Asks: 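This is the structure I want to talk about, given as C-alpha cells.
Proteins come first, then strands; the chains are lettered A, B, ... in the order of their sequence lines, and each starts at number 1. Only heavy atoms go into these numbers, but all of them, side chains included; no hydrogens, no water, no symmetry mates. Computed from a prediction, not measured in an experiment: that's the story for all the values here.
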Amino acid sequence: MRRDTCGELRREAAGRKVVLAGWVHRVRDLGGVTFVDLRDASGIVQLVLRDAQSAHLAREDVIRIAGAVRLREAPNPALPTGEIEVEIETIEVLSHAKPLPLGVAEEGTPSEETRLRYRYLDLRRPRMQRNLRLRHRTALAIRQYLDGEGFTEVETPMLTRSTPEGARDFLVPSRLARGTFYALPQSPQLFKQILVTSGVERYFQIVRCFRDEDLRADRQPEFTQLDLEMAFLEEPEQLFPLLEGLVAHVFRKTIGVEIALPLPRLPHAEAIARYGSDKPDLRFGMEIADVSETFAGGPFRVFADVVAGGGAVRALPVTGGATKSRGELAKLESVAKGHGLPGLAWIKTGEEITSSLGKHVPSETLSALAARAGAQNGDLVLLAAGKPDIASTTLGDLRLRLADELGLIPQDRWGLAWIVDFPLFKAGEGRLESEHHPFTSPRAEDLSLIEREPLKVRAKCYDLVMNGVELASGSIRIHRRELQEQIFRILGIGPEEAERRFGFFLRALEYGAPPHGGIAFGLDRWVMMMAAEESIREVIAFPKTTTGACPLTDAPSIVDDGQLKELGLRLEP
RNA sequence: GGGGACGUGGUCUAGGCUGGACUAGGACACCGGAUUGUCACUCCGGAGACCGCGGGUUCGAAUCCCGUCGUCCCCGCCA
C-alpha cells in the first residue's frame, strides 16, 4: 500500500484517493463531524471524519487512513495544505498514545529534564524537527562541497591513546590488557596529521569528540567537529579561500544566506585593541580607542601615572549610553573591578558634557576625548586605565554587555572574520603553554625569537569567529621532528616524556611528512546559530544535562560487579 | 571547586517579600456530556497537588531558616 505524505497535498490533488499515516496532532470534535489534524514528517493535513466512523482518537495516536482529497469549504491560509482536506473512508489505529507528559502541539516549553526524559515526544515538535533537518542539511552541504574539492572522509579511532594535554580524558578500561586504558578522543588531531602524512592529501571527517569538563549552554561532553586537514600548505592564506567557499556554500544551501567574500582578516593584537576580545562580535561598532596620549603627563595624575608606568588608557564609546544613571555606572565599575582594574571613569556627552573626571580635566579636553573615541551626542564614553590588555579586555566585556542591554546588536548579520597572528605561547603557571596546541607552526620570520622571547613569537594559526563566537580554529602544523621537539622542550616536555606520549607521532614525521595544516569547526555551534537557538542542546538529538546525565536512559549508571571484575576494577567506597 | 536562579496536579504557572479565610487559584492536557464546518473549535460538568525531599523555627509553614537532591545560567575549567 503506497503511502502519500500529509504536508505536500495541494489543490491539484483534489479528487485523488490517498493513503496517509501519521500522528494525531489535534482533534476537533463538532459532533456530527470531527476534524483531525494529521501530522507526518512532511507536515500537517486536515482529515474529516463523519459521525458514523467516530473512532475515538487521542493526541499522538498513530493512525492510517484511506480517503479522498477534496477542496475545502473554508480554506485555512495558515497551512500549506490549507486549501484541501481528506475525507476519511477507512481508518485504522496503528498505535495508541497515553496522555502526554509534554504537549507536542503546544507552544509552551516544559522543563529541560522533562523534555530530555521524553525526548521522543520533544523531538516530534516542529521546531525540533526543523533543527534536526537543518543539521542534516548542514552535514550534507559540507560533504558535497568538500567532495567536490577532492577531500576524502576518513574515520579515526574512538578508542585511542590518552594524551593528557588540555582537557580531561574520558577513559575506557581495557579487558584484554588489564590495568590499561583507552581514551576517547578530544579531537582527531594527531590522526589527521598522520593521515596527510599517509598520502591522504585532503582529509576531512564529521566526527564526535569527547572532553570531560564542566558543561555550558554551548558545551557538551560529546560534541561534533568538522575536522579537516590538507597537505602542502605552508601559509594560512593558502587555506582560507577554500574554507570561505565552504562557509558560503553551507550558508547558501541550508538557510539561503549569501556571505560576502573574502572574509575580513583581523590580527589578534588588533582584535584585542579594537574590540577587547580575541573573538570579537563584529555585528556592531563601538570600537575601543587608545587615548593614552591625552593623559600622558596630563591633568589627571592617576591616569598619567598609569601611562608613565607602561600602561594604557582606553576608551569605549557606548551608543546612546548618556542616559545611564549613577547606579548603573557603579555597576559597570564593579564589572571593571572584577577584571582587576581599580576603577572606571566616564564621560557623558550631550548639550553639556559631564564626567567623573570633571574636577580634574577641563571640559575641552573631555570633548576632545569623546570625539577621539568616536562618541556622538548622547553617547557615553567609558575610560579604563591599566595594563594595556586588561584595559582592553575589560572594555571588551563591557562593550558586549552594554550593546546587548541597549539592543544594539543586529540579529540579521553574521559578523564573520578570520583572527590571525595569534601568539604561539601564553604564560601559564610558571611555564609556557601553547595558545592553540603544541603542533602549531611558528611563523618563519619569528623563529629567531623562539628561545629568547618566546612570548613574542607569532603562530601560523587562525580562528574563524562569527557573532562573537569561535566557530572554527586551526593552524599550519609543524612537519619536522626537530622543530616539534624544540617546541615540546619549551613547553616543558622533555625528550623522554615526548617519546613516551608522542613517540608514535614524532616517528611519523621522520618518514617524509609534507607541510600541512587544517582546521576544526564546532558543528553544534554552527548549526545552533543558523537555527537561531541559544543552546547546542537544541540541535543535538540526545544531549546531556549540565551534570552530564541523560534523563532518557539514566546514563551514567552503576554496573554489575561482574563487569567490574572482568576489567579488574574495584570501586573505592 | 565557587556563585546565582528555579523546583506547586500530567504540563505551564499564580500565591512566597509581609506565615493565619490557601479548604492551594488559573490555563492547557485528561474524563463525562452537548455540538454538522472547525482549524489553539466552542459550551456545560468532573477528577487530579499531602507545594522536590529531610530537618528546624512557630500556637500555626507552600510561604521563614538549615541541609539535601534535581534542572538551568555564570566563573574556574574546556591544549
Asks: For the pair made of NE2 in H339(A) and P in C75(B), what is the distance, rounded to whole Å?
Replies: 10 Å

Asks: List in chain and number order the residues that pass ring-ring contact (aromatic ring centres under 6.0 Å, His included) with F521(A), two or more places apart in sequence or in another chain; answer none if no residue qualifies.
Replies: W526(A)

Asks: Do R124(A) and H25(A) pair up side chain to side chain, a donor and an acceptor below 3.5 Å, judged on atom types alone?
Replies: no

Asks: To the nearest Å, give me how far apart CZ (R525(A)) and P (C78(B)) are.
Replies: 14 Å

Asks: Please report the distance, rounded to the nearest Å, between CG in L38(A) and P in C39(B).
Replies: 19 Å

Asks: Pairing check on C72(B): which nucleotide meets the Watson-Crick or G-U wobble criteria with it, both distances under 3.5 Å?
Replies: G4(B)

Asks: Mind checking the P distance from U42(B) to A29(B)? Whole angstroms is fine.
Replies: 8 Å

Asks: Taking the six-membered ring for Trp, are F240(A) and W418(A) parallel (under 30°), tilted (30 to 60°) or perpendicular (over 60°)?
Replies: parallel

Asks: Using ring-ring contact (aromatic ring centres under 6.0 Å, His included) as the criterion, list what pairs up with F488(A), not counting sequence neighbours.
Replies: F502(A)

Asks: Which base sits across from A14(B) as a Watson-Crick or G-U pair, both distances under 3.5 Å?
Replies: none

Asks: Does the structure show a Watson-Crick or G-U wobble partner for A40(B), both distances under 3.5 Å? Name it, or say none.
Replies: none

Asks: How many Å lie between CZ on R117(A) and C1' on G52(B), as a whole number?
Replies: 13 Å

Asks: Can you list, by residue number, the residues of residues 537-556 of chain A that have a non-hydrogen atom closer than 4.0 angstrom to RNA chain B?
Replies: R537(A), T545(A), T546(A), T547(A)

Asks: So which of Q193(A), H479(A), E234(A) actually passes side-chain hydrogen bond (donor to acceptor under 3.5 Å, both in side chains) with H516(A)?
Replies: Q193(A)

Asks: Would you tell me if any nitrogen or oxygen in the side chain of R28(A) comes within less than 4.0 Å of OP1 or OP2 on U38(B)?
Replies: no

Asks: For G19(B) and A61(B), measure between their C1' atoms and round to the nearest Å.
Replies: 6 Å

Asks: If pairing requires Watson-Crick or G-U wobble contacts with both distances under 3.5 Å, which nucleotide is the partner of G45(B)?
Replies: C31(B)

Asks: Taking E222(A) for its side chain and Q220(A) for its backbone only, find out whether a donor-acceptor pair lies under 3.5 Å.
Replies: no

Asks: Any side-chain heavy-atom pair from L190(A) and T160(A) closer than 4.5 angstrom?
Replies: no

Asks: In the 5'-to-3' direction, what one-character label does each nucleotide of nucleotides 27-35 of chain B receive under the scheme B = base within less than 4.0 Å of a protein heavy atom, S = sugar-phosphate only, - = no such atom?
Replies: -SS-----B

Asks: Checking H268(A) against D421(A): is there a side-chain donor and acceptor pair closer than 3.5 Å?
Replies: no

Asks: Suppose we call a contact any N or O donor and acceptor under 3.5 Å apart; does that hold for the side chain of R50(A) and the base of G37(B)?
Replies: yes

Asks: Minimum heavy-atom separation for I478(A) to S441(A), with atom names?
Replies: CG1-CA, 3.7 Å

Asks: Begin from the C-alpha positions of I65(A) and L49(A) and carry the test side-chain contact (heavy atoms from CB on, under 4.5 Å) through to its verdict.
Replies: CA-CA 10 Å; I65(A) 64 108; L49(A) 196 63; over 6 Å; no

Asks: Please classify the nucleic acid contact of E112(A) as base, sugar-phosphate, or nothing, using heavy-atom distances under 4.0 Å.
Replies: sugar-phosphate

Asks: Quick one: the side chain of R70(A) and the base of G37(B), do they pair up donor-acceptor inside 3.5 Å?
Replies: yes

Asks: Considering only heavy atoms, which members of residues 205-218 of chain A lie under 4.0 Å from some atom of RNA chain B?
Replies: R211(A), E213(A), D214(A), R216(A), A217(A)

Asks: Among residues at least two apart in sequence or on other chains, which ones pass salt bridge (charged side-chain N to carboxylate O under 4.0 Å, His left out) with E499(A)?
Replies: R481(A), R507(A)

Asks: Just so I know, are the side chains of R480(A) and L509(A) near enough to count as touching, which here means a heavy-atom distance under 4.5 Å?
Replies: no

Asks: In this structure, how many angstroms lie between the P atom of C74(B) and the CG atom of D397(A), rounded?
Replies: 13 Å

Asks: Would you kindly give the CG-to-P distance between L121(A) and U11(B), to the nearest whole Å?
Replies: 12 Å

Asks: Searching all strands shown, indicate the nucleotide that pairs with C77(B) (Watson-Crick or G-U wobble; both distances under 3.5 Å).
Replies: none

Asks: When you measure from the side chain of Q205(A) to the backbone N and O of V154(A), does any donor-acceptor pair fall under 3.5 Å?
Replies: yes

Asks: Measure from CD on E83(A) to P on C39(B) and round the result to the nearest Å.
Replies: 18 Å

Asks: Is there a donor-acceptor pair under 3.5 Å between the side chain of R28(A) and the backbone N or O of F35(A)?
Replies: no

Asks: Can you tell me how far P of U36(B) sits from CZ of F35(A), to the nearest Å?
Replies: 12 Å

Asks: So which nucleotide does A24(B) pair with, by the Watson-Crick or G-U wobble rule with both distances under 3.5 Å?
Replies: none

Asks: Among the nucleotides C12(B), C77(B), U36(B), which one has an atom lying closest to any side-chain atom of R219(A)?
Replies: C77(B)

Asks: What contact category does R26(A) fall into here, base, sugar-phosphate, or nothing, at under 4.0 angstrom with non-hydrogen atoms?
Replies: sugar-phosphate

Asks: For A34(B) versus C51(B), give the span between their C1' atoms, rounded off to a whole number of Å.
Replies: 36 Å

Asks: Both A74(A) and P101(A) contact RNA chain B. Taking the nearest nucleotide for each, which residue is further toward the 5' end?
Replies: P101(A)

Asks: Under a 3.5 Å limit for both distances, which nucleotide forms a Watson-Crick or G-U wobble pair with G54(B), could you say?
Replies: C66(B)

Asks: Hey, does Q46(A) reach any base, or is it just sugar-phosphate, or nothing, if we go heavy atoms under 4.0 Å?
Replies: base

Asks: Would you check if the distance from the ring center of F439(A) to the ring center of F505(A) is below 6.0 Å?
Replies: yes

Asks: Quantified in whole Å, what is the P atom distance between nucleotide G16(B) and nucleotide C59(B)?
Replies: 24 Å

Asks: Pick the P atom in A62(B) and in G54(B), then give their distance to the nearest Å.
Replies: 13 Å

Asks: C50(B) and C22(B): how far apart are their C1' atoms, nearest whole angstrom?
Replies: 14 Å

Asks: Expressed in whole Å, how much space separates the C1' atoms belonging to U38(B) and U23(B)?
Replies: 40 Å

Asks: With heavy atoms under 4.0 Å as the rule, sort E85(A) into base, sugar-phosphate or nothing.
Replies: base

Asks: Considering only atom C1', compute the distance from A14(B) to U63(B) and round it to an integer number of Å.
Replies: 13 Å

